[in-house]
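Chain identifiers are assigned alphabetically (A, B, ...) following the order of the sequence lines, protein sequences preceding nucleic acid strands; residue numbering begins at 1 within each chain. Just so it is clear, the structure is predicted and the values come from calculations on it, not from any experiment.
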2 protein chains.
Amino acid sequence: MSIAVSIVEDDARVRASLARLIDGSAGYRCISNHSSAEDALREIPKFRPDVVLMDINLPGANGVECVRQLKPQLPGTQVIMLTVYQNTEHIFNALAAGATGYMLKQTPPPELLSAIKEVHAGGSPMSGHIARKIVQSFQNTAPLSAEAQSLSPREAEVLDLLAKGFLYKEIGEAMKVSYATVHTHIRHIYEKLHVRSRTEAVAKHLGQKQSRHEFAPRI
Amino acid sequence: MSIAVSIVEDDARVRASLARLIDGSAGYRCISNHSSAEDALREIPKFRPDVVLMDINLPGANGVECVRQLKPQLPGTQVIMLTVYQNTEHIFNALAAGATGYMLKQTPPPELLSAIKEVHAGGSPMSGHIARKIVQSFQNTAPLSAEAQSLSPREAEVLDLLAKGFLYKEIGEAMKVSYATVHTHIRHIYEKLHVRSRTEAVAKHLGQKQSRHEFAPRI
DNA sequence: ACCGGCATCCCCAGAACTGGCGATGGCAGA
DNA sequence: TCTGCCATCGCCAGTTCTGGGGATGCCGGT
């Protein structure tokens, strides 16, 4: 059975040439095309395509929002963003919204067809530099700050409990030490982290963990 | 100029067949091969290859650790993990350690060659299902808890400042309102989030952000 | 017109935290 | 051996939070 594809793209010429490409290739068929997000949201659920090619830059609502609303209705449908945007913000937003592929419009037709095939087979086709940017988001591992490194094991333990919102008394119970000891550990933590409150310390603590793979564009 | 490739793989037969594949293909040359992480760490910096194919399952130290130590010395060298492991933990660890590609050993030779070319051209080749798992890590967007949703704009603003460790007084100054107002907002935040301290609220807050794209394997 | 939610302000008391000042003992490195 | 770091404990004063109780005005929906 051929792969059923829907196209969402405002430029009529681009839309037509994509449709021609898909219908003209064995194993693919274009079952619908849409010039706006509104039209896509209304019509695509009826067609239940295997794959959607989605432009980001649509008149009115943008393609990312369109994916976000479409995907819950069509969990089996795979969406490939097809766009000129290479900035990480667009990429991450699109993927978070539910897209599984991200191709640049300049992609040659044969590669576009294999991207459709790949996404339908359970993969996530992405143009080379896009993939690299995504992978790099895993590598922005802020090396543990010297500050955090210098915490003793016991202090780190206290900080973990502190981050969970426990009171000094409760931390003491959990660690089988007195309130006074917890108090001392915490004073040392504050000195080492250069903070002056529990919340600042926790923010630094969670911030570290977080920055190991953050959502925000930082590439 | 052909692409210089080093191989790290403990199985002599696999190593030899990879070397044969690479040396037998125009545009590629295998400049070294290594049967252990220790050997690779010692020798590869001398060869300065363009691309390293790295097995994960090595005797002694594992491939991921090897990448972590190698990459800082050779920032221009791209590493492709070549392994049988498909679990997200291995994938994320490898990428965080500095690998830029991740291919399964079952990959057919022609695709392996194009993966080498792709990584050298600035891409991040990944086997289909691997790529999908990476993309899914962006989609595990815990839907904003109803609790967090119910915060009013002003309350959310307070929570943000709270998370940065500001005192009530400082929040008031930053928001141009009185201490009393901040106090009231915070009481409302605590009610809505079902917490009883600033730190718990912040942990919930940062936890949300964090879970939008977390490092830990959750697929 | 009324009710609910929001944003703004006020007072108060008790609990929790912050940051000084100690102290002891253990253990590892110079 | 002596010095430094760690973990454990103590006291005390001052500050900040927490959680009650109010209040006003605005706005939007029924």
Side-chain angles (χ1 to χ4, degrees), chain A residues 61 65 69 143-210, chain B residues 142-210:
Chain A
E65 258 320 303
Q69 291 176 48
L144 278 187
S145 71
E147 295 171 346
Q149 282 291 23
S150 71
L151 289 186
S152 76
R154 209 63 171 154
E155 286 160 359
E157 213 174 320
V158 171
L159 183 51
D160 250 331
L161 294 168
L162 214 44
K164 292 185 180 134
F166 290 110
L167 305 179
Y168 286 21
K169 194 177 56 175
E170 294 169 338
I171 294 174
E173 283 162 14
M175 293 177 58
K176 314 276 186 207
V177 297
S178 80
Y179 177 98
T181 304
V182 174
H183 184 189
T184 307
H185 282 315
I186 287 174
R187 275 182 298 148
H188 291 158
I189 292 170
Y190 290 178
E191 275 176 38
K192 289 182 181 177
L193 299 187
H194 306 298
V195 297
R196 42 187 56 257
S197 81
R198 172 198 189 100
T199 316
E200 275 185 278
V202 169
K204 242 181 193 184
H205 181 60
L206 295 180
Q208 286 279 337
K209 287 188 180 172
Q210 217 173 326
Chain B
L144 276 187
S145 68
E147 295 170 344
Q149 282 291 22
S150 71
L151 290 186
S152 77
R154 211 61 172 154
E155 287 160 357
E157 212 174 321
V158 171
L159 183 51
D160 251 331
L161 294 169
L162 215 44
K164 293 185 180 135
F166 290 112
L167 304 179
Y168 286 21
K169 195 177 54 173
E170 294 169 337
I171 295 174
E173 284 161 14
M175 292 177 59
K176 313 275 186 210
V177 297
S178 80
Y179 177 99
T181 305
V182 175
H183 184 189
T184 307
H185 282 314
I186 287 174
R187 274 184 298 154
H188 292 158
I189 292 170
Y190 290 177
E191 275 175 36
K192 289 183 180 177
L193 300 188
H194 306 298
V195 296
R196 43 188 57 256
S197 80
R198 171 200 192 102
T199 316
E200 275 185 277
V202 169
K204 240 181 192 182
H205 181 59
L206 294 180
Q208 286 278 339
K209 285 190 179 174
Q210 218 172 328

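Position along DNA chain D of the nearest nucleotide to B/F166 versus A/T181 favours A/T181 as the more 5'-ward residue.
Residue B/Y179 places no side-chain N or O under 4.0 Å from the OP1 or OP2 atom of C/dC10. Between B/K192 and C/dG5 there is no side-chain N or O to OP1 or OP2 distance below 4.0 Å. Contact between the side-chain N/O atoms of B/Y190 and the OP1/OP2 oxygens of D/dC17 is not found at any separation under 4.0 Å.
Atom P of nucleotide C/dC17 and atom CZ of B/R198 are separated by 12 Å, given to the nearest angstrom. Atoms NZ (B/K169) and P (D/dT15) sit 10 Å apart, rounded to a whole Å. Going from atom CD of A/E173 over to atom P of C/dA16 covers 11 Å, rounded to whole Å. In this structure, B/H188 atom NE2 and D/dG21 atom P are separated by 12 Å, rounded to whole Å. When the C1' atom of C/dA7 is taken as reference, atom CD1 of B/I171 falls 16 Å away, rounded to whole Å. In this structure, CG of A/L167 is placed 15 Å from P of D/dC17, rounded to the nearest angstrom. A/L162 places its CG atom 12 Å from the C1' atom of C/dA16, with the value rounded to the nearest Å. Between the CD1 atom of B/I186 and the P atom of C/dA7 there is a distance of 14 Å, given to the nearest Å.
At the heavy-atom level, B/H183 lies under 4.0 Å from base atoms of the strands shown. A/T184 comes within contact range of at least one nucleobase, with a heavy-atom separation under 4.0 Å. Residue A/R154 is classed as a sugar-phosphate contact, given heavy-atom separations below 4.0 Å to backbone atoms only. Among the protein residues, A/S178 comes within range of the sugar-phosphate backbone only, with heavy atoms under 4.0 Å from sugar or phosphate atoms but none that close to a base.
Between the base of D/dG20 and the side chain of B/R187 there is a donor-acceptor pair shorter than 3.5 Å.
Which of C/dA7, D/dT18, C/dT18 sits closest to the side chain of A/Y168 comes down to C/dT18. Of all nucleotides listed (D/dT16, C/dC9, D/dC17), C/dC9 comes nearest to the side chain of B/V177.
Atom CD1 in A/I171 sits 14.5 Å away from atom NZ in A/K176 (nearest 0.5 Å).
Side-chain contact check for A/F166 versus B/E200: every heavy-atom pair is 4.5 Å or farther apart.
If you check the side chains of A/T181 and A/T184, you find no donor sitting under 3.5 Å from an acceptor.
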